Structure formats: C-alpha cells, structure tokens
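Worksheet: one structure, shown below.
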Amino acid sequence: MRIAMIGSGYVGLVSGACFADFGHQVVCVDKDARKIDALKQGKMPIYEPGLAELVGNNVRQNRLAFTTGLEEPVSQADAVFIAVGTPSRRGDGHADLTYVYDAAREVARALDGFTAVITKSTVPVGTGDEVERVMRQTRADADFAVVSNPEFLREGAAIRDFKHPDRIVIGTEDERAKAVMAEIYRPLYLNRAPIMYTERRTAELIKYAANAFLATKITFINEMADLAEKVGADVQEVARGIGLDNRIGSKFLHAGPGFGGSCFPKDTLALIKTGQDYEAPLRIVETVAAVNDQRKRAMARKVLAAAGGSLRDKTVAVLGLTFKPNTDDMRDSPSIPLITALQDMGAQVRAYDPEGMEQAREVLPGNVTYADSAYACAQGADVLVIVTEWEQFRALDLEAIKAAMKAPVMVDLRNIYPPDEAAKYGFAYTGIGRAPVARNRRLPGYS
Ligand code: NAD
C-alpha cells in the first residue's frame, strides 16, 4: 500500500515508521520545514525509545521518506492518514479542529483516484462527517471515503503499542475503504491483534471514552490516596488489593500528582464539551477534570508541609519534568503548575530531567535553574521532589543524595521509594497515600 501521513508529530511519525516497517510505502508530510529537514538528516524531533533506529532502517530500505509538499504523496496514495494536532481551543476547551480541516482541504485538492482518507488524530464525534463535507466542497469530483482510525499508542512505549495493539478500531461503512484498511493492518491481523470495524461516529467516541475512562481510574486512585493519608492506610496496597480483581484490573491505579500529557487533559475537556453540546452532560468526567486540576496545587502544598511550612528562600530540587518517563513531551506536564506554585511560595527551583530539559525551558518560568544530573540537582537543596518516575531515579544512591542536600527531606510524588528505605537513610519522607499517620486516631464521631 502507498500511504501518505499528514502530520509527522508523535503519532504521525511513529505510525508512519511502523507502517513502513510492515512493508508499506510511506511518505510522512509535515508543514514544519525544520522538522522535515531534521528527519531527512536522521534527527528525531522527539525522544521515543527505538524510533531513530526504526526510522533509519526504513529510510535506508526506501520505504519511508519525508517531505513538506503534500501534493505528490497524496496523489499517489491508496490511503492518506491525517495525524495533525487537535489541541484545546483557547477559552472553551473544545478540540481545535483547524489543522484537521486545513489538512482535509489540502488533501482533497491533491487526490487522484479512489483514496481512503483516515483521521488518526483524536477528533470529536461527527468530525468525520465534517471532514467529508469540507473535502466534497473543495473537490466535488474527488473519489474518497473518510475513515476514523483512532490511535491508542502511549508515549514512551509508542512503537511497541503500535505494533502490538490491544485492538485496532476502524470506523467506516465503505467497503472499498474497509479493504484498504484491512490490507494496511494485515501484518497486525496476522499477529492476532483484534480489528474492530464499526460505524465512524462510534469509532470517534471510542477514543474519547477510552481516555476519559483511564483518566477516571487515575483520579479515583488519587482520591483514595488522599483518604488513605487521612485514615492511615496504604494506597499502594489498596491499589493492589482492588487491581487483582479481574473486573477492575491493576493498570492505571498508580496514585501520583495528577494526570497530564498531550492527551488526557485536552481530551477530557473536549469530551465534556461534546456532552454539553448534545445535552448529555458527563458529570463523572467533569468531576475528574476538576479534581485533577485541584490536585496540581495540592502537590505544592504537600512540598510546603514537608519543608516545615515555609519555602521562602529554600531550594527545591525537582527530579523529572516530563509528564511521564521515556518521553521528552512537556505538554500539560504536572511539573509545570507544581513548579509555578513552588515559586509562588518563595522557593528557588532547581530541576533535572533525563530527556525533557530542552522542551522544559520553553514552557517553564525563566528563573528555574537546570542541573545536569540528579546529584547536581540535589546539591544544597532543602527538599527533593520526585515528579516523574524515570528509571534512573528509582535506584539513586540515597547516601550521596543525602550528603549533597542541605536537609534530607524527600517528597516522592510517584511512590518509587518504600518509606522505610528512605527512612533508613535518614530522610524525612512524604509519599502519596501512605503517610504513616493517624494509625491510632479514632474515627470521627467516636470518642
Ligand atoms: P504533534 O503536535 O506532535 O504533531 C502534529 C504535527 O502535525 C505537527 O508536526 C504539525 O506541524 C503537523 N501539521 C499540522 N497541520 C499540518 C498540515 N496541514 N500539513 C502537514 N502537517 C501538519 O501531535 P501528536 O501528539 O502527534 O498528536 C496528533 C493527534 O494524535 C492529536 O489529535 C492527538 O490527540 C492524537 N493522539 C496523540 C497521542 C500521543 O501520545 N501524542 C496518542 C494518541 C492520539
């Protein structure tokens, strides 16, 4: 199959490279000339494990190419994927579909012969209908079918997720488009990945429902963590105890500083807006978004408490800036509101992240100091805060960290250290949902 991928960001680049690896002929298009120039030189615009090798191999074997000009690859393609951004629209939280519709118009002008046009971007229900209308308006004579094929890959494990998906969702009722999609995903079908064909609107909603459900799961365990702290229980054990129930499952039950990243925050907001537009309010998702927002500030108060109630002129060492490990993505990372709040409280912030510092500089306040290792970050600090659970933070030399710090105070927002291990090294330790408090406190209402 000949594939044109419109948008060579996280999803476009990973999907394009994986499709090429399946044996298809892929051209990744992006209007960002700097990105395309870099890709042509073998430089990846994002940090994603294994991506540089995958791209390099497929470029060398002439199955993968990059360009800024969409006309030629689209005119030759059997399938055109739209994988452009759908950020939150400023002010109201709706998904901003400008990039999708602009791409649809450009694609319509360049089509030649029957082509499946597939939205891989996360788009609200009904966007496929609108893409079809916009394309028809641009080129009444074009022969195409618009398909929804939402992407479920996770940053940091994107290639594995793409090649071993839990399922592939394809929304179309057009038989010719179904045949194209079946051929594109045939290698995964051979790997027994379930392919689910459904109606286009249903496919669009599946993506939002999945993200909203996962965001709910995270928020649920975060609230349980808050309660666990108050009643003297351990949220890690609670998560294990409920996660072993097959009906619940153990994934996405790690209490932490609240969800962030390029998808959950914007997708929950967009889904809430869709619910409001269709007068089917999504109260649970609304609450999830609100609770998650409040949590960011609450994390700064946790640091404040660990520091003894004042952060004025104290140095806080922040380990991990990206919204999760194994990515350099800073979009909506919990570290951003946390650091801003710490600075508002009078703290000097020093930070270290293994891959995301360049991106962090663009979005964090200017007066953050950057260190070149976890140990340099801890030097002279009054509090150490672990924000992202990078592998290299899991086995720090706590002796050396303690020796470097002014005071041995650790706030572990990812629960990567057992409290007693941290205590063994002399740290005053604060985790999430497992404060060793109130064990003998009486329940409210009993005296
Ligand atoms: P991104 O911002 O990394 O990439 C989008 C790219 O599209 C940019 O490089 C931009 O220059 C390019 N672009 C925009 N308009 C274009 C046009 N007309 N022609 C050519 N290129 C154009 O975004 P992303 O993270 O890859 O996300 C893309 C979509 O996939 C979003 O809808 C997102 O919600 C969804 N998604 C993302 C993830 C993820 O983990 N990042 C996972 C699943 C789904």
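Everything numeric here is computed off the predicted structure, so don't read it as measured data. Just follow the structure's listing: the first ligand is 1, and inside any ligand the first atom is 1.
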Let me confirm one number: the CZ-CD distance from R133 to Q137, rounded to the nearest 0.5 Å. 5.0 Å
Check ligand 1 against K207 and write out every atom of the ligand that is under 4.0 Å from a heavy-atom position of the residue. 43 (C)
Protein contact to atom 3 (O) of ligand 1 [nearest heavy atom, distance to 0.1 Å]: Y10 N, 3.2 Å
In the protein, which heavy atom is nearest to atom 43 (C) of ligand 1, and how far is it? E151 O, 3.2 Å
Please say whether S8 places an N or O atom under 3.5 Å from an N or O atom belonging to ligand 1. no
Name the orientation class of the two ring planes belonging to F81 and F19 (parallel below 30°, tilted from 30 to 60°, perpendicular beyond 60°). tilted
For ligand 1, indicate whether the residue A83 contacts it via side chain, backbone, both or neither (heavy-atom separation under 4.0 Å). backbone
The side-chain hydrogen bond (donor to acceptor under 3.5 Å, both in side chains) partner of R200 among T119, D174, D129 is D129
Hey, could you give me the OG1/CZ distance between T219 and F259, rounded to the nearest 0.5 Å? 4.5 Å
Ignoring hydrogens and angles, tell me if any N or O in the side chain of T388 forms a donor-acceptor pair with the backbone of W390 under 3.5 Å. no
Which residues pass the ring-ring contact (aromatic ring centres under 6.0 Å, His included) test with Y10, not counting sequence neighbours? none
Kindly indicate, with the supporting measurements, whether the criterion salt bridge (charged side-chain N to carboxylate O under 4.0 Å, His left out) is fulfilled by R297 and D344. CA-CA 11 Å; R297 285 250 147 198; D344 288 349; 3.3 Å; yes
Before giving the answer on salt bridge (charged side-chain N to carboxylate O under 4.0 Å, His left out), spell out for R34 and D37 the whole-Å C-alpha distance, their side-chain angles and the decisive distance to 0.1 Å. CA-CA 5 Å; R34 274 202 329 204; D37 282 347; over 6 Å; no
Polar contacts were defined as any N/O atom of the residue lying under 3.5 Å from an N/O atom of the ligand; does this apply to V11 and ligand 1? yes
What's the shortest distance from atom 5 (C) of ligand 1 to any protein heavy atom, and which residue and atom give it? G85 N, 3.6 Å
For atom 4 (O) of ligand 1, what is the nearest protein heavy atom, given as residue, atom name and distance? G9 CA, 3.2 Å
Hey, is S121 touching ligand 1 through its side chain, its backbone, both or neither, going by heavy atoms under 4.0 Å? both
Give the residue and atom name of whichever protein heavy atom lies nearest to atom 19 (N) of ligand 1, and the separation in Å to one decimal. I6 CG2, 3.6 Å
Report yes if some N/O of D102 lies less than 3.5 Å from some N/O of ligand 1; otherwise report no. no
For ligand 1, does R154 get within less than 4.0 Å through its side chain, its backbone, both, or neither, judged by non-hydrogen atoms? neither
Select one of side chain, backbone, both or neither to describe which atoms of R331 lie under 4.0 Å from any atom of ligand 1, heavy atoms only. side chain
Of all the non-hydrogen atoms in the protein, which one sits nearest to atom 20 (C) of ligand 1, and at what distance? K31 N, 3.4 Å
Q392 atom CD, neighbour heavy-atom count above 12 within 6.0 Å: yes
When only distance counts, is T122 in polar contact with ligand 1, meaning an N/O pair under 3.5 Å? yes
If the condition is salt bridge (charged side-chain N to carboxylate O under 4.0 Å, His left out), which residues does E279 pass it with, not counting sequence neighbours? none
Measuring from E229:CD to R434:CZ, what's the distance to the nearest 0.5 Å? 10.5 Å
If you measure from each heavy atom of K266 to ligand 1, is any distance below 4.0 Å? yes
Should you measure from each heavy atom of S262, which atoms of ligand 1 turn up under 4.0 Å away? 39 (C), 41 (N)
Just distances here: any N/O of K35 and N/O of ligand 1 closer than 3.5 Å? yes
Closest protein heavy atom (residue, atom, distance) for atom 7 (O) of ligand 1: G7 CA, 3.4 Å
From the candidates D30, L13, V100, L153, the one that places a heavy atom nearest atom 12 (C) of ligand 1: D30
Suppose we measure from atom 39 (C) of ligand 1 to each protein heavy atom; which comes out shortest, and what is that distance? E155 OE2, 3.4 Å
Atom 31 (C) of ligand 1: which of T86, T67, T68, V14 has the nearest heavy atom? T86
Test of ring centre spacing under 6.0 Å for Y352 and Y375: no
Which of the listed options, D267, V84, N211, holds the heavy atom that is closest to atom 28 (C) of ligand 1? V84
Side chain to side chain donor-acceptor pair (under 3.5 Å) between N292 and R295: does it pass, once the steps are laid out? CA-CA 5 Å; N292 192 62; R295 190 164 188 81; over 6 Å; no
Quick one: which ligand 1 atoms are inside 4.0 Å of a heavy atom on E106? 18 (N)
Ion pair E183/R186, N-O distance below 4.0 Å: yes
